[in-house]
Amino acid sequence: MVGHWHSLFLHSAIKSYPITVPCSSDRMLQKSLTNSSDVIIYDLEDSVPPSAADKDGARNRLTGFLSSYAESELPHPSRSAVRLNAINTPHFRKDVAQAFRLPHIRTFVLPKIHSPQDLHHVSRELYTHSQLQNDTSRNDAPIEFVASIESARAMYNLGAIASWQSEYGPQIGGKLSALLFAAEDYCADTSVIRTPSRRELLYTRSQIAITARAFGLQAIDMVCVNYKDLDYLREECQDGRELGFTGKQAIHPTQVDIIQNTFVPTAKGIRAAKILEQMEKAHASQRGAIGLATEGGPTEMIDAPMIKQAENIIRIAKAAGLPIPS
């Protein structure tokens with residue numbers, strides 16, 4: 001799983017395209033200082049060889065890198081995340097201990113989350129370290145979790161995962177902020193055969209997007225592995241957006257612009273402002289619906305459900321810093 005996603009935290013700003021940086025590479029860590037992606041995911045998992053020596057080296061390399069620069073020189077903490085090794089690996093506890101001591105890191109990307117018990121396991125580790133260190137520095141910034149959905153068990157437990165809350169409260173035990181779909185891991189676990197049509201993943205993707213929405217989480221769509229085929233990427237982005245995903249992972253920087261353009265409203269797409277303006281006039285005239293002409297198309301009936309959609313578009317556009325037509 002590697003990642004660019006739209007909107008890691010809606011409460012702070014729109015995050016369209018994070019990029020994963022292997023902590024096994026000094027060169028890649030240095031390049032993260034000038035990377036324009038919305039979120040930098042410092043990776044301790046798949047991009048690092050599996051030996052204990054390599055994992056220890058990656059952990060120490062990340063710590064040394066973050067401590068060798070002034071905070072103003074590093075990506076803002078709201079743009080910084082770390083992907084830990086899975087909870088069933090011998091590397092997990094060291095990952096949590098070291099990541100917890102990095103005040104610059106506010107988000108843990110958690111691979112192979114199969115059940116809410118897995119999130120409790122992470123939360124208890126977090127709580128243990130907060131008690132050992134008597135830490136109070138994070139009182140105003142709870143660590144956020146991104147749960148990676150990678151298995152049949154995870155899909156079976158999806159609602160329970162999405163509704164998870166720490167037994168210690170979010171300030172100490174962490175807070176779930178997103179569900180992320182790791183399609184290749186999921187197919188390996190379930191024997192689903194990947195095809196260019198993506199039909200075999202329609203149910204799974206729909207369930208993840210809707211369940212995330214039900215519990216106020218971000219829904220991050222799968223990687224497009226055909227990274228050189230930008231037309232295919234554009235199509236995959238579009239159907240992810242239509243399914244209700246709020247963002248998408250990517251595997252290469254060339255995919256960033258297409259992902260961003262799909263998930264952040266364009267100026268033309270902010271027709272929503274006109275809808276809201278016309279509905280205000282309709283309500284002033286004691287009407288509950290209006291007809292609004294589409295550009296080069298038929299007149300559409302606008303009523304209460306479409307107002308809610310328009311308000312969502314305006315909210316996203318404002319968070320992305322886009323101009324809103326008067």
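Heavy atoms only: backbone and side chains are in, while hydrogens, waters and symmetry mates are out.
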Identify the two heavy atoms, one from [X] and one from [Y], that lie closest to each other, and give their separation to 0.1 Å.
X	Y	result
P142	P170	CB-O, 3.1 Å
A162	L179	CB-CD1, 4.2 Å
I105	S80	CD1-CB, 4.0 Å
L201	A183	CD1-CB, 4.1 Å
Q249	I259	O-CD1, 3.7 Å
P22	L29	O-CG, 4.3 Å

So that I can tick it off, tell me whether D239 and R205 are bridged by a salt bridge, with the cut-off set at under 4.0 angstrom between side-chain N and carboxylate O. yes
Electrostatic pair R93:E125 at N-O distance under 4.0 angstrom: yes
Can you see whether [X] engages [Y] through a side-chain donor-acceptor pair at a distance of less than 3.5 angstrom?
X	Y	answer
N60	T63	no
S151	Y156	no
T195	E200	yes
T89	N85	no
E167	S123	no

Determine yes or no for a side-chain-to-main-chain donor-acceptor pair under 3.5 angstrom, with [X] supplying the side chain and [Y] the backbone.
X	Y	value
H104	P75	yes
E73	A70	yes
Q218	G247	no
D43	T20	no

Approximate separation, where rounding is to 0.5 Å, of [X] [atom1] and [Y] [atom2]:
X	Y	atom1	atom2	value
F181	M222	CZ	CE	6.5 Å
F108	I41	CZ	CD1	14.0 Å
L84	K94	CG	NZ	14.5 Å
Q165	L119	CD	CG	11.5 Å

Under the salt bridge (Lys or Arg N to Asp or Glu O under 4.0 Å) test, which residues partner R59, sequence neighbours left out?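 In terms of salt bridge (Lys or Arg N to Asp or Glu O under 4.0 Å), with neighbours along the sequence ignored, R59 is linked to D56, D95.
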Using salt bridge (Lys or Arg N to Asp or Glu O under 4.0 Å) as the criterion, list what pairs up with K112, not counting sequence neighbours. E45, E150
Does [X] belong to the same Ile/Leu/Val/Met/Phe/Trp/Tyr cluster as [Y], with side-chain heavy atoms less than 4.5 Å apart forming each link?
X	Y	answer
I220	I210	no
V48	F65	no
L33	Y42	yes
Y232	L202	no

Is any side-chain heavy atom of L230 closer than 4.5 Å to a side-chain heavy atom of I258?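 Yes. Closest side-chain heavy atoms under 4.5 Å.
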Under 6.0 Å from the ring centre and within 45 degrees of the ring axis: does the NZ or CZ of R83 meet both conditions for the six-membered ring of F92? no
Q238 and its side-chain hydrogen bond (donor to acceptor under 3.5 Å, both in side chains) partner, picked from E236, E235, E242: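 Testing each of E236, E235, E242 against Q238, the sole residue satisfying side-chain hydrogen bond (donor to acceptor under 3.5 Å, both in side chains) is E242.
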Just do the side-chain hydrogen bond (donor to acceptor under 3.5 Å, both in side chains) check on T204 and Y186 with the steps written out, would you? CA-CA 10 Å; T204 302; Y186 176 79; 3.0 Å; yes
Is the ring centre of W164 less than 6.0 Å from the ring centre of F145?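 Yes, they do, as the ring centres are separated by less than 6.0 Å.
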